[in-house]
Amino acid sequence: MATRRHWLVKSEPGTYSIEDLERDGKTCWEGVRNYQARNFLREMKVGDALLFYHSSANPPGVVGLAEVVREAYPDHFAWDERSPYHDPRSTEDDPVWYMVDVGFVERFPEPLPLPELKKDPALEGMELLRRGSRLSVQPVSKAHFDHIVKLARRRS
DNA sequence: GCCAACGTTGGC
DNA sequence: GCCAACGTTGGC
């Protein structure tokens with residue numbers, strides 16, 4: 001079996017929250033419109049583990065875990081003129097944007113707020129904490145991933 | 001609401 | 001290929 005990879009995905013809770021994913025069980029991760037983030041989406045394999053991050057929240061932070069349940073396929077919202085994610089450069093014959101399906105794994109009893117993650121020396125070098133980092137889909141090292149899960153357990 | 005950081009666009 | 005202008009992200 002191939003080694004499972006680890007990632008972090010951001011969502012604004014007003015758009016789609018961990019509570020929404022808990023309710024839905026799974027969802028398609030549409031709307032990624034950044035090439036670097038898209039390339040990471042296309043690298044994802046079924047079973048890869050995801051940190052679910054609430055951006056533009058009070059406070060922002062990691063709120064739970066999800067997993068990849070379907071590998072990358074064309075993001076058809078790009079073809080929909082009424083969608084906020086519409087992008088005329090992407091067509092059915094030649095898709096530009098992709099999405100995966102993600103499944104709910106767990107919601108942390110308490111969110112891990114960004115300011116606390118910033119203070120943690122064990123998370124040094126994490127992409128999320130890099131100054132000016134805006135990537136909405138990013139790889140996470142296993143060590144950083146495991147440490148964050150451990151922090152979540154410690155809080156409960 | 002502000003603004004720093006970043007990505008994209010388009011003129012040249 | 002350079003780079004200024006612009007739009008977006010996202011913390012604060």
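Residue numbering restarts at 1 for every chain, and letters A, B, ... go by the order of the sequence lines.
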> When you measure from the side chain of A:Tyr35, which nucleotide among B:dT8, C:dG10, C:dG11 comes out closest?
Replying inline: B:dT8
> Quick one: do A:Asp75 and A:Arg38 make a salt bridge, cutoff under 4.0 Å?
Replying inline: no
>> We want to know whether A:His147 and A:Asp120 form a side-chain donor-acceptor pair, criterion being a heavy-atom distance below 3.5 angstrom.
In response: yes
> Tell me: CH2 of A:Trp97 to C1' of B:dT8, nearest whole Å?
Replying inline: 10 Å
>> Using the rule side chain to side chain donor-acceptor pair (under 3.5 Å), only one of A:Trp97, A:Trp79, A:Tyr98 pairs with A:Ser90; which is it?
In response: A:Trp79
>> With side chain to side chain donor-acceptor pair (under 3.5 Å) as the criterion, how do A:Thr91 and A:Asp94 come out once you've worked through the C-alpha distance, each side chain's angles and the decisive distance to 0.1 Å?
In response: CA-CA 5 Å; A:Thr91 64; A:Asp94 191 13; 5.4 Å; no
>> It should be established whether A:Lys10 places a side-chain nitrogen or oxygen under 4.0 Å from OP1 or OP2 of nucleotide C:dT9.
In response: no
> Would a distance-only check, ignoring hydrogens and angles, find a side-chain to backbone donor-acceptor pair under 3.5 Å from A:Asp87 to A:Arg89?
Replying inline: yes
> Any idea which of B:dG7, B:dC6, C:dG11 is nearest the A:Pro60 side chain?
Replying inline: C:dG11
>> Using whole Å, what does the distance between atom P of nucleotide C:dG10 and atom CZ of A:Arg134 come to?
In response: 7 Å
>> Between A:Tyr85 and A:Asp80, is there a side-chain donor-acceptor contact under 3.5 Å, judged purely by atom types and distance?
In response: no
>> Expected output is a numbered-order residue list: members of residues 50-58 of chain A with a heavy atom under 4.0 Å from any atom of DNA chain C. What is it?
In response: A:Tyr53, A:Ser55, A:Ser56
> What is the distance from CD of A:Glu116 to C1' of C:dG11, rounded to the nearest Å?
Replying inline: 17 Å
>> Taking any heavy-atom pair under 4.0 Å as a contact, classify A:Arg89: base, sugar-phosphate, or nothing.
In response: sugar-phosphate
> Can you name the closest pair of heavy atoms from A:Gln138 and A:Lys10 and give their distance?
Replying inline: NE2-CE, 4.0 Å
> Choosing from C:dG11, B:dC6, C:dG10, which nucleotide comes nearest the side chain of A:Lys118?
Replying inline: C:dG11
> Between C:dT9 atom P and A:Arg130 atom CZ, what is the distance in whole Å?
Replying inline: 17 Å
> Within this structure, what is the CG-to-P distance between A:Asn34 and C:dT9, rounded to whole angstrom?
Replying inline: 9 Å
>> If the cut-off is 4.0 Å, is A:Arg33 near the phosphate of B:dG7, judged by side-chain N/O to OP1 or OP2?
In response: no
>> Without decimals, in angstroms, what is the distance between A:Glu127 CD and C:dG10 C1'?
In response: 14 Å
>> Without decimals, in angstroms, what is the distance between A:Leu135 CG and B:dT8 P?
In response: 10 Å
>> Distance check needed: C:dT9 P versus A:Leu128 CG, whole Å only.
In response: 16 Å
